[in-house]
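Take a look at the structure below.
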Amino acid sequence: SLKIIIDNSAAQTSLSITEPKFREYVTSGSSFTLTATDLGAIPSGVQYTKYRITYSTNTGNWLTYSTTYFITGVDGIYKLEYYSDDNVENTESVRSITVKLDNTAPVTAITPTGGTQWTSADGKLYANLDTQYALTAEDPVKYEVASGTNSIFYKVDNTSAWSLYTQPITLGEGIHTIYYQSVDNVLNREETKSLTVYVDNTAPVTAAGIGQPHDNTYQFSVINSNT
């Protein structure tokens with residue numbers, strides 16, 4: 001006798017994405033894993049899983065899935081499609097997901113506010129104690145993609161640890177360097193920038209002198225029109 005097993009159930013494929021990930025945003029460090037399971041009362045087993053990646057009008061070829069993959073290329077919006085076949089060629093309907101690839105770090109600016117500042121001819125920034133230093137960051141949009149700024153960090157001089165920026169920075173008298181950088185929502189970290197400030201809160205000292213001729217014989221100086 002011949003026993004025949006009928007399998008009319010297609011496999012089912014799921015997609016998982018690792019960190020860094022924020023909503024639909026990913027980076028080239030985010031990994032994509034496909035897992036297929038054959039369904040039905042007596043499944044014949046998964047034969048293969050296929051996937052393809054489309055960017056803009058550039059539709060990728062169908063590839064046989066064998067291991068975790070990553071998305072490389074320019075920032076932008078990518079469409080991922082995938083499906084599986086079982087061993088009796090029950091074909092799963094194509095599934096798809098859209099992700100936004102963001103490999104671009106935010107850009108941070110520092111602005112002295114309040115107080116008084118002066119820049120010397122050789123480019124040194126002088127300021128008084130009333131000056132504060134505000135940090136702002138913007139995550140640039142590239143090809144319609146920007147996950148947004150998550151945090152701004154700073155430290156004063158190399159002796160301090162990084163701190164989360166929440167309010168304008170103040171400095172004591174002396175020469176100080178403010179280091180700063182920002183991180184976006186998919187952990188793209190900006191390269192560290194810096195600003196050196198010469199904080200001067202000491203007033204100048206003025207001295208008066210009397211030239212010659214003069215006479216100090218008395219408790220006051222006697223001068224003439226030639227002094």
Discussion item. Could you measure the distance from the NZ atom of Lys193 to the OG1 atom of Thr108? Nearest 0.5 Å is fine.
Written reply: 6.0 Å
Worksheet item: Does Tyr25 have any ring pair (Phe, Tyr, Trp, His ring centres under 6.0 Å) partners at least two apart in sequence or in another chain, and if so, which?
Response: none
Worksheet item: Any side-chain heavy atom of Val74 within less than 4.5 Å of one from Tyr55?
Response: yes
Discussion item. Using modelled atom types and a 3.5 Å cut-off, is there a donor and acceptor pairing between side-chain atoms of Lys21 and backbone atoms of Arg23?
Written reply: yes
Discussion item. Check for me, please, whether Val183 and Tyr154 land in the same ILVMFWY cluster - side-chain distances under 4.5 Å, paths through other members count.
Written reply: no
Discussion item. Is the shortest side-chain heavy-atom distance between Glu81 and Trp62 below 4.5 Å?
Written reply: yes
Practice prompt. Can you see which heavy atom on Ser30 is nearest to which on Phe70, and at what distance?
Written response: O-CD2, 3.3 Å
Fill in: Set of ring pair (Phe, Tyr, Trp, His ring centres under 6.0 Å) partners for Tyr51, sequence neighbours left out
Tyr69
Practice prompt. For residues Asn188 and Thr104, determine if any side-chain heavy atom of one lies less than 4.5 Å from a side-chain heavy atom of the other.
Written response: no
Fill in: Identified side-chain contact (heavy atoms from CB on, under 4.5 Å) counterpart of Ile110 within the set Thr136, Leu135, Val197
Leu135
Practice prompt. Please round to the nearest 0.5 Å and tell me the distance separating atom CD1 of Ile53 and atom NZ of Lys79.
Written response: 13.0 Å
Worksheet item: Which heavy-atom pair separates Ala10 from Asn90 by the least distance, and what is that distance?
Response: CA-CB, 3.7 Å
Worksheet item: Can you list every side chain to side chain donor-acceptor pair (under 3.5 Å) pair that touches residues 165-174, not counting sequence neighbours?
Response: Glu173-Thr202
Fill in: Approximate separation, where rounding is to 0.5 Å, of Thr37 OG1 and Glu92 CD
9.5 Å
Worksheet, complete the sentence: Those residues at least two apart in sequence (or on a different chain) that pass side chain to side chain donor-acceptor pair (under 3.5 Å) with Ser31 are Thr18
Worksheet item: Do the side-chain N and O atoms of Thr13 and Ser84 include a donor-acceptor pair separated by under 3.5 angstrom?
Response: yes
Practice prompt. Ignoring hydrogens and angles, tell me if any N or O in the side chain of Asn103 forms a donor-acceptor pair with the backbone of Ser28 under 3.5 Å.
Written response: yes
Discussion item. Rounded to the nearest 0.5 Å, what separates atom OG1 in Thr177 from atom CG in Leu195?
Written reply: 8.0 Å
Discussion item. Could you check whether Gln181 and Thr192, counting side-chain N and O atoms only, form a donor-acceptor pair closer than 3.5 Å?
Written reply: yes
Response to the item:
Heavy atoms of Glu24 and Thr98 approach each other most closely as CB-O, 4.1 Å
Worksheet item: Taking a hydrophobic cluster as the set of Ile, Leu, Val, Met, Phe, Trp and Tyr residues connected by side-chain heavy atoms closer than 4.5 Å, whether directly or through intermediates, do Val141 and Ile77 fall within one such cluster?
Response: no
Discussion item. I need the Asp38 CG to Asn87 CG distance, nearest 0.5 Å.
Written reply: 7.5 Å
Practice prompt. Determine, stepwise, if the pair Thr27 / Leu187 fulfils side-chain contact (heavy atoms from CB on, under 4.5 Å).
Written response: CA-CA 9 Å; Thr27 73; Leu187 305 182; over 6 Å; no
Item to complete: Please check if the side chain of Asn128 supplies one atom and the backbone of Thr116 the other of a donor-acceptor pair under 3.5 Å.
Response: yes
Worksheet entry | Side-chain H-bond candidate by donor/acceptor type, Asp139 with Thr149, under 3.5 Å | no
Discussion item. Is there a side-chain hydrogen bond (donor to acceptor under 3.5 Å, both in side chains) between Thr64 and Lys50? Walk through the geometry before answering.
Written reply: CA-CA 5 Å; Thr64 300; Lys50 298 276 190 178; 2.9 Å; yes
Fill in: Worked verdict on Leu164 versus Phe153 for side-chain contact (heavy atoms from CB on, under 4.5 Å)
CA-CA 5 Å; Leu164 178 66; Phe153 297 95; 4.1 Å; yes
Discussion item. Could you report the tightest heavy-atom contact between Val186 and Ser147, atom names first, then the distance?
Written reply: CG2-OG, 3.6 Å
Discussion item. Ignoring hydrogens, what is the shortest heavy-atom contact between Leu101 and Gly73? Give both atom names and the distance.
Written reply: CD2-O, 3.7 Å
Discussion item. Quick check: closest heavy atoms across Val199 and Gly172, and the distance to 0.1 Å?
Written reply: CB-O, 3.3 Å
Worksheet item: Between Gln117 and Gly114, is there a donor-acceptor pair closer than 3.5 Å when you use the side chain of the first and the backbone of the second?
Response: yes
Practice prompt. With sequence neighbours left out, write down each residue that passes ring pair (Phe, Tyr, Trp, His ring centres under 6.0 Å) with Tyr126, or none if nothing qualifies.
Written response: Trp118, Tyr198
Discussion item. Can you list, by chain and residue number, the hydrophobic cluster partners of Val107 when the side-chain cut-off is 4.5 Å?
Written reply: none
Worksheet item: Is there a side-chain contact (heavy atoms from CB on, under 4.5 Å) between Leu63 and Tyr82 once you walk through the steps?
Response: CA-CA 9 Å; Leu63 303 173; Tyr82 53 96; over 6 Å; no
Worksheet item: Going by atom types only, do Asp75 and Tyr143 share a side-chain donor-acceptor pair under 3.5 Å?
Response: no
Worksheet item: From Asn150 CG over to Asn185 CG, what is the distance, rounded to the nearest 0.5 angstrom?
Response: 4.5 Å
Discussion item. Let's go through Leu34 and Phe32 carefully: what are the C-alpha distance in whole Å and the side-chain angles of both, what is the deciding distance for side-chain contact (heavy atoms from CB on, under 4.5 Å) to 0.1 Å, and is it a yes or a no?
Written reply: CA-CA 7 Å; Leu34 294 171; Phe32 296 78; over 6 Å; no
